[in-house]
Amino acid sequence: MAGLEVGDTLPNAVLTAPDGATINLRDYAGKPLVLYFYPKDDTAGCTREAQDFTALLADFHKAGATVLAVSKDTPAKHRKFAEKYALTVPLASDETGVIETFGAWVAKKLYGREYMGIDRSTWLFDASGKLAKVWRKVKVPGHAEQVLAAVRELA
């Protein structure tokens, strides 16, 4: 699977915020960054994951980290998703292929049909911008807590 590996540097990549503003990943250098990719807004697993990270967001900030959730959904869809579930975890739209850069755009199979989709994955960068840990094929229950524990271990 191509993409980033532990030890690689945070790429100079651009995402779009729900309000249409540009988000440059390099702007997060200087403190830990939790970047998680999820398949689709307003689906059961993705909603639960966003709710879990929202519930722990203050703890991530207290540990010095920023969290950013990314999918290929549009900024408008992200706004509706965040409003519907009172999400405070920042959401971003990938309109430039960031997910592919990370190696999280993968072949999937459902009911015998193959298609390309987002690998639910989380990427933890340390304060120097180096990739410290990756979780692939994430199972949502307990995942946000695991990531928070890893962030705390960086200190």
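Hydrogens, waters and symmetry mates are skipped; everything else that's a heavy atom, side chains included, is used.
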Atom [atom1] in [X], atom [atom2] in [Y]: separation rounded to 0.5 Å?
| X | Y | atom1 | atom2 | value |
| --- | --- | --- | --- | --- |
| Lys62 | Leu56 | NZ | CG | 11.0 Å |
| Leu10 | Lys130 | CG | NZ | 10.5 Å |
| Thr88 | Phe53 | OG1 | CZ | 12.0 Å |
| Leu148 | Asp52 | CG | CG | 12.0 Å |
| Lys80 | Thr74 | NZ | OG1 | 7.5 Å |
| Leu35 | Leu25 | CG | CG | 6.0 Å |

Quick one: closest heavy-atom pair of [X] and [Y], and the distance?
| X | Y | answer |
| --- | --- | --- |
| Pro39 | Lys108 | CG-NZ, 4.2 Å |
| Thr96 | Asp94 | N-OD1, 3.1 Å |
| Lys31 | Gly64 | CB-O, 3.3 Å |

Answer whether the closest heavy-atom distance between the side chains of [X] and [Y] falls below 4.5 Å.
| X | Y | result |
| --- | --- | --- |
| Ser71 | Cys46 | no |
| Glu95 | Pro75 | yes |
| Ile99 | Thr101 | no |
| Glu145 | Asp59 | no |

Give a yes or no on whether the ring-centroid distance for Phe125 and Tyr28 is below 6.0 angstrom.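 No; Tyr28 has its ring centre 6.0 Å or more from that of Phe125.
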What do you reckon, are the aromatic ring centroids of Phe102 and Trp123 less than 6.0 Å apart? yes
With hydrophobic residues grouped by side-chain heavy-atom distances under 4.5 Å, do [X] and [Y] end up in a single group?
| X | Y | result |
| --- | --- | --- |
| Met116 | Val98 | yes |
| Tyr38 | Val138 | yes |
| Val140 | Tyr36 | no |
| Leu57 | Trp135 | yes |
| Leu4 | Leu68 | yes |

On the 0 to 90° scale, with breaks at 30° and 60°, tag the Tyr85-Phe81 ring pair as parallel, tilted or perpendicular. perpendicular
Could you go through Val70 and Leu15, starting from their C-alpha distance and side-chain angles, then the distance that decides it, and tell me whether this counts as side chain to side chain contact (heavy atoms under 4.5 Å, CB included)? CA-CA 8 Å; Val70 181; Leu15 299 165; 3.7 Å; yes
Pairing of [X] and [Y] as salt bridge, 4.0 angstrom limit:
| X | Y | answer |
| --- | --- | --- |
| Lys77 | Asp41 | no |
| Asp119 | Lys137 | no |
| Lys139 | Glu49 | no |
| Lys84 | Asp42 | yes |

Would the distance check show the side chain of Thr47 and the main-chain N or O of Ala44 forming a donor-acceptor pair, the cut-off being under 3.5 Å? no
Is the closest side-chain donor-acceptor distance between Ser93 and Lys72 under 3.5 Å? no
With side chain to side chain contact (heavy atoms under 4.5 Å, CB included) as the test, would you mind laying out the steps for Leu154 and Leu124 before giving the verdict? CA-CA 10 Å; Leu154 289 178; Leu124 173 59; 3.9 Å; yes
Would Val106 and Arg136 count as a side chain to side chain contact (heavy atoms under 4.5 Å, CB included) if you check the C-alpha gap in whole Å, the side-chain angles of each, and the deciding distance to 0.1 Å? CA-CA 11 Å; Val106 298; Arg136 306 296 300 230; 4.3 Å; yes
Quick one: do Val34 and Thr66 satisfy side chain to side chain contact (heavy atoms under 4.5 Å, CB included)? Show the steps, please. CA-CA 6 Å; Val34 174; Thr66 300; over 6 Å; no
For Arg79, is the CZ atom crowded, meaning more than 12 foreign heavy atoms sit under 6.0 Å from it? yes
Evaluate whether atom NZ of Lys133 has more than 12 neighbouring non-hydrogen atoms of other residues, nucleotides or ligands under 6.0 angstrom away.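 It does not: Lys133 NZ has 12 such atoms or fewer within range.
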